[in-house]
Amino acid sequence: MNHIFPGVATWSRPRPVLAGQPGVRVRLALVLLLLALAIPPALRGLAARPAAPHPCPPEGRGPPPRHWLGCAADPGPARDLADEERLLLGLPLDPNLAGARA
């Protein structure tokens with residue numbers, strides 16, 4: 001029987017020792033919350049897919065200001081890659097010929 005509400009029966013089994021300690025429930029709740037927050041980034045990392053490979057090596061196409069990165073078969077006049085484009089593509093950059101922005 002319950003000492004607060006005499007007519008209400010209480011849990012007849014003894015409580016586990018671990019959950020009865022002060023502060024353990026709060027710590028367990030915190031651990032569960034942190035695990036719940038860590039699951040989405042972990043799943044996102046597993047679901048990440050590598051980028052599709054380029055069908056051709058990238059090269060500069062088109063005159064500025066309407067220039068783009070494309071392939072040799074793309075329309076437009078060919079041009080050399082800018083320094084920033086070479087850096088973004090991971091291509092080697094000659095420090096002697098690079099501009100100040102690169």
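Numbers here simply count residues along the sequence, with the first being 1.
Taking the side chain as every heavy atom from C-beta outward, E85 and H67 approach each other to under 4.5 Å. By the 4.5 Å heavy-atom criterion applied to side chains, P63 and P77 are counted as neighbours.
Here the closest heavy-atom approach between residue P40 and residue A36 is recorded as CD-O, 3.2 Å. E59 approaches A78 most closely through the heavy-atom pair OE2-CB, 4.4 Å.
Taking CG from L87 and CG from L81, the interatomic distance works out to 11.0 Å, rounded to the nearest 0.5 Å. Here CG of L28 is found 12.5 Å from CG of L33. Values are rounded to the nearest 0.5 Å. Of the inter-residue distances, the one linking L97 atom CG with D83 atom CG reads 8.5 Å to the nearest 0.5 angstrom.
Evaluated for a side chain to side chain contact (heavy atoms under 4.5 Å, CB included) with L91, the options L93, L89, L88 yield exactly one hit, L89.
At most 12 heavy atoms of other shown residues, nucleotides or ligands fall within 6.0 angstrom of atom CG in D80.
R86 and E84 are not joined by a salt bridge, as no carboxylate oxygen comes within less than 4.0 angstrom of a charged side-chain nitrogen.
A donor-acceptor pair under 3.5 Å is formed between the side chain of R61 and the backbone N or O of D74.
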